[in-house]
Chemist: 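Take a look at the following structure, please.
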Amino acid sequence: MSFFKLLKNSLLFYFRTQHLPVILGTVIGTGILIGALIVGDSVRFSLEKMTLDRLGKTKFAISSGDRYFRVELAKEIAKDLQVKSASVLNLNGIAVAGGGQSRLNNVQILGIENNFWDLSPENVPVQQIKDNQAVINNRLALKMGLKVNDNLLLRINSVDFFPLDAPFARDIQKSVALRVTIKAIIQDKHFGRFSLKTNQIPPYNVFLSASFLSETMDMDNRANILLVADNKDKSLTINMLEQFLDHSFKLADAGLKFTELPEFKTFELTSDRIFLEPAVVAAVDETGLEFKKILTYFVNQFKVDGKTTPYSFISAPGEPIVHKNLKEDQIIINQWLADDLSAKTGDTIRIDYYVPGPARQLLEKSTSLKIAAIVPIMGRTADKHLMPGFPGLADADNCRDWDPGIPIDLDKIRQKDEKYWDTYRGTPKAYISLLTAQNLWENRFGKLTAIRFPVSSINPESIQSAILNNLKPASVGLVFRPVLEEGLIATKEAVDFGQLFLGLSFFIIVSALILTGLLYILGIEKRANETGLLLAVGYKTGQVKKLYLGEIFIIAVVGSLLGIMFGILYNQIVLFGLGSLWRGAVGTSSLTLHIVPVTLLIGFAAGIFIIFIAIGLVIQRQSLKSIVDLQQAQSRYHDSLSRKKINIAILTTLISLVGVFIILITTDPGRGHEASAVFFGAGSLLLIAGLCSSYLILIRVSRKTDVSSLNLSGLGVRNNSRNRKRSLAIIGLLACGIFIVIGVGANRQGSLLHAEKRESGTGGFAFWGETVSPVLYDLNSQKGRKFFELDTEEFENADFVQMRRKSGDDASCLNLNRVRQPAILGLDPAELDKRGAFTFSKTIGNIDKSHIWLELNKKYADNVIPAIADETVIIWGLGKAVGDTLNYINENGQPLKLVLIAGLVNSIFQGHVLIAENLFIDQFPSAGGYNVFLADVPKENQQIFEKHLTFIMQNFGLELIPSYVRLAEFNKVENTYLSIFLSLGGLGLILGSIGLGIIVFRNILERRGEMALLSAVGFSRQSIMRLLLSEHIFLLIAGLLTGTVSALISILPVFFTPGISVPYFSIVLAVLFLFIFGFLWIYIAARSSLKTNLIPALRYE
Amino acid sequence: MLLKVNNLIKYYSTPVNPEGLLVLNDISLRVDAGESIAVVGPSGSGKSTLLNIIGTLDRPTSGKVLLEEKDVTSISSNETSMLRNREIGFIFQLHHLLPQCSVLENVLVPVLAQQNPDMAGATARANHLLDKVGLSARKEYRPGQLSGGECQRVAVIRALINRPSLLLADEPTGSLDSQTALNLVQLLVELNRDEKIALIMVTHSMELAKKMETIYRLQNGQLIKE
């Protein structure tokens, strides 16, 4: 005989009656704990897999947006660094199928070469994509119901290298329609998910042949994405790539052209963007070479006295045409102009011209200069090349075909003007000094249209090299990013679903532990005399505890081991739920099981630990009993009826009820968020009042001596007063359980509540609109309204706040990944300030809190500007706080810091960071037009407005949704989590009801002698059954009623909030299930304990 | 003098009597080594309470219990456990055998409580004692396979395994029929004589009490020698 033999005997003997139920409880508790942790691992793994699927073998990438470089760069890098590389032309477009029946905006159109597939996660079973063919991804195919060989129409905005907001840029972007046939539909593992944006939701992808797309779009074999895989040694670094770029970078990659003009013995540097960027000019300045800077502009008219010459070019070409002595207020005109205006030297000539104002307004200005000289049109003064390549001007055959971004009055164009154009094209008719020209026409895109280098001993290659030596690729948007590393970090720092599900499953875990503890109590109290005996024969308390704890350890190990298997099953159920019923929380169904051994070990250890704690407490309590009580297996429990306790109970009930009453009459449940917290408090007070009342009822019942009212059910109820603490514990457990589950799980966020109010999350705006193609017009202007047919009576009160967008990651709660560079919106803060739109939750200290929006206009330092974001985005999406800084790179390759000065309360801006439009333009001058807008529309016109705008802007790829719907989409995530809590909490309640059954069983077991006596004096089994049922159902009903009514009060605001889907069904189901299961356990416990012969119980006192 | 009980007083508080119900009123008792004593009295007179206090299962309100001149009412719990293990043997009305252990194992349970138990020696003694009471053929049996009398005999052997100087029997025949009860008491008397263990037996049966050398009556909280 040894300690271990005794332990083993006890384990085996009590396995079925005591240990097996405890093992089951342990399996559930630890299984759910482990399962929740595995959910975290699985989600993290799935996000990582999605990142690897979307990037394939790509380790680094350039994504230059609307800056385009040569496709050959990929081949050059592959050769130079011995890596796999691919160029991609990435454009946004609209897909249309089924003859227009099916339409999809925001489609990612990718022009690729075969080397693209080399970077795919797995070998792609697709051969060369021919012209007019397309490969699409699964998501697109499913969304549009497409299959192989179906036809697809793609509408893509034509690409102008010329910035959209630059002077003379056209108002409307033309679009190109492409008809393609679907060659193949590819899965995620075949690069179907390709994207450089961090998001678990894949884009809609269409892959086309690069050459076909480039030719169709007139892109001259350019690309704006460069993908690079790691080298064989896995040692490729950003430094190596930057060094490569430094020596392989060509002027064409910066959109620059270097042309020889032999007739003028000169080389000319020009840009696709027309105006030479400051970085390019600075690079040329640093070469130390000889060059001339040129600025040429298009003016509306020249005027001398009453005579005018319309629509002409004027240039500042420098010497020899414009000698350095030419004053700022002087001008040289050519003979043709002098003749046309009958002008002579000394006359004053007025020049009228347009400059771009805010929101693409054209501001007409004029200046007057004195004619210093008149020159013949010959030689350098007949230089057609001075005319910049303004789209719509330079490519026109005649004047009447002109289509620049300014209004042209064709009536003003005369025959002689057409003849001039035919002979001289855009040869400038006048010349001024560079300083004068720049003062008049310098803009944010540049202040030169060309730089010329004289042909000299230096060969053109040397000139180009000299420029390239000083021109950093980053300054023209060519920056390598470690996209793989960034993507994996984003997944590592993503929402921790392990912790989340531990929290959501908390109730069910606690219920399982309570159940396990109860089961153990039942067993250990049956062995009370054994405990007493051991102590009586000289065992120390510690030795007895050691014996029981030894048993528990083995049970916990076995239970936890089995719990691992249960946990894996639970995890599968949760993942299935997340991919279907609860998809609103994650936005994807591509979650896969992933088991990390360390997690299992942690869960296993945690399971053992918490079981030890739970049962250790029971053993500790047991050890406090006297040996005599243990021997007699009874509890010398006396619940004394103290007057003090009764008074406290009465006072607590009254105070709580008064509190509830005050809240009900003073608080409007329709006040939304504020009301939620207050009513939760009311519910809690009612719960307390209910429990105290239950206690008082039990006391009242115990004092009843009126025998005339004594009946079976009444006796049953009175029996509850024998052990008031235990009865109250049952009522309390049930009440608290149902209160928490309904009170938390049914508390939904609403979006319709006061949606029209300015301070709400919609800002009071009726619609949120996003377009694929930027809208260049000001929708509030006459021109804009006319163009979009909004100049009718029904739309006269429609008002817009338009926003520019810099593409980035989605930082809303719909993206599970942690993002670093969310999309940026540039807006006019005054528009929101004057409306008092939205509400701020937090701001930094030192700003004017009455005009927080206007703070966005302040510039803190060069490239340090203020920003505002949704508080949810700041905390959860970015992992930051108000006052923190976000780091970006601006269009010129310089670091840009956005300081978060304020956080918005739950708003439709989720996913974006907001800055002032004027500062946005400084940093991203090429991001022309407006891709996002908010619309104020009177309620009565909203329906027609929505229909009209959706139709008229369909080619812009407009997605127009009511603001409250957008807000509801964000709320859906939180509401889904609450639904999960409600579901899992409900399961926890059912487990808890098993605990009720166990307590009932124990109650009856303790009173077997009493039951035997009733049987001996003639009570039938049915009568005793009725007695037991009435006794315990009283507790069940009291608990349910108290908990449910309190919970309903606590969620009252939900019923008064429009737009919230109240989970009536779940609430009713939870209460019903709890009642049914509670009744079931009571019935089973009562029946099974009455099954055996009761009379022997009479033999033992 | 093996046992001295000096001026023992014991109150129990109840809801009806918050000041406490006086159960033992200034009780004194002397027991010599090897002496056998019966304590009789009506139900609820405090007989078991007295035995529990002597056996350190309960504490007096006031008074002392000296076992071999050691005041057992004021020692530490560890010392109390050792005392119960080595010096006192308890026999209860219900045998309280561990159903998961065999007869032999049940007898050896008290030995396991010791720091360095001599299991071999204890096993030999257990076998001897079981043989003495006619249960050696049953030593591998579980309690569920024995009769009530047999179980109670095993409980007696268990109480003796560590050679205590004092044996306390609280209604040991309470759940037995009269013949079996008589046999059991006879066994106790023999063991008292053979093992030279002092025996205090609580009983409500005068017939069984007469088997002891001395009879005390507990009435109204007072212990009176008969």
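When reading the values below, keep in mind they use all heavy atoms of this one structure, side chains included, and skip hydrogens, waters and symmetry mates.
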Chemist: Side chain, backbone, both or neither: which part of A/Lys5 has a non-hydrogen atom closer than 4.5 Å to chain B?
Modeler: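 Interface part for A/Lys5: side chain.
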Chemist: So which residue, B/Pro117, B/Cys101, B/Ser48, ends up with the most heavy-atom pairs under 4.5 Å with chain A?
Modeler: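 Of B/Pro117, B/Cys101, B/Ser48, B/Cys101 has the most heavy-atom pairs under 4.5 Å with chain A.
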Chemist: Answer whether the closest heavy-atom distance between the side chains of B/Leu104 and A/Met1 falls below 4.5 Å.
Modeler: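 SC-SC contact between B/Leu104 and A/Met1 ruled out.
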Chemist: Minimum heavy-atom separation for B/Val109 and A/Tyr539, please, with both atom names.
Modeler: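 Heavy atoms of B/Val109 and A/Tyr539 come nearest at O-OH, 2.6 Å.
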Chemist: State which residue, out of A/Asn9, A/Leu6, A/Asn529, fulfils the side-chain contact (heavy atoms from CB on, under 4.5 Å) condition with B/Leu98.
Modeler: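 Considering A/Asn9, A/Leu6, A/Asn529, a side-chain contact (heavy atoms from CB on, under 4.5 Å) with B/Leu98 is found only for A/Leu6.
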Chemist: Using non-hydrogen atoms only, which part of B/Pro99 is less than 4.5 Å away from chain A: side chain, backbone, both, or neither?
Modeler: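 Both backbone and side chain of B/Pro99 come within 4.5 Å of chain A.
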Chemist: Heavy atoms only: give me the nearest A/Leu533-B/His96 pair and the separation to one decimal.
Modeler: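 Closest heavy-atom pair between A/Leu533 and B/His96: CG-O, 3.6 Å.
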Chemist: I'd like to know whether NZ of A/Lys540 has more than 12 heavy-atom contacts from other residues, nucleotides or ligands below 6.0 angstrom.
Modeler: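 Atom NZ in A/Lys540 is packed in, count exceeds 12.
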Chemist: Got a sec, which residues hit side chain to side chain contact (heavy atoms under 4.5 Å, CB included) with B/Asp194, two or more places apart in sequence or on another chain?
Modeler: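 So B/Asp194 forms a side chain to side chain contact (heavy atoms under 4.5 Å, CB included) with B/Lys132, B/Glu190.
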Chemist: Apply ring pair (Phe, Tyr, Trp, His ring centres under 6.0 Å) to B/Tyr216 and list each qualifying residue two or more places apart in sequence or on a separate chain.
Modeler: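 Counting only residues at least two positions away or on another chain, B/Tyr216 forms no ring pair (Phe, Tyr, Trp, His ring centres under 6.0 Å).
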Chemist: Which residues pass the side chain to side chain contact (heavy atoms under 4.5 Å, CB included) test with A/Phe553, not counting sequence neighbours?
Modeler: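 A/Phe553 satisfies side chain to side chain contact (heavy atoms under 4.5 Å, CB included) with A/Val557, A/Ile608, A/Phe612 once adjacent residues are dropped.
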Chemist: Could you report the tightest heavy-atom contact between A/Gly538 and B/Ala113, atom names first, then the distance?
Modeler: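 That closest heavy-atom pairing would be O-CB, 3.9 Å.
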Chemist: Just checking heavy atoms, which of residues 59-89 of chain B are less than 4.5 Å from chain A?
Modeler: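 Against chain A, the residues of residues 59-89 of chain B that fall inside the cut-off (heavy atoms, under 4.5 Å) are B/Asn78, B/Ser81, B/Arg84, B/Asn85.
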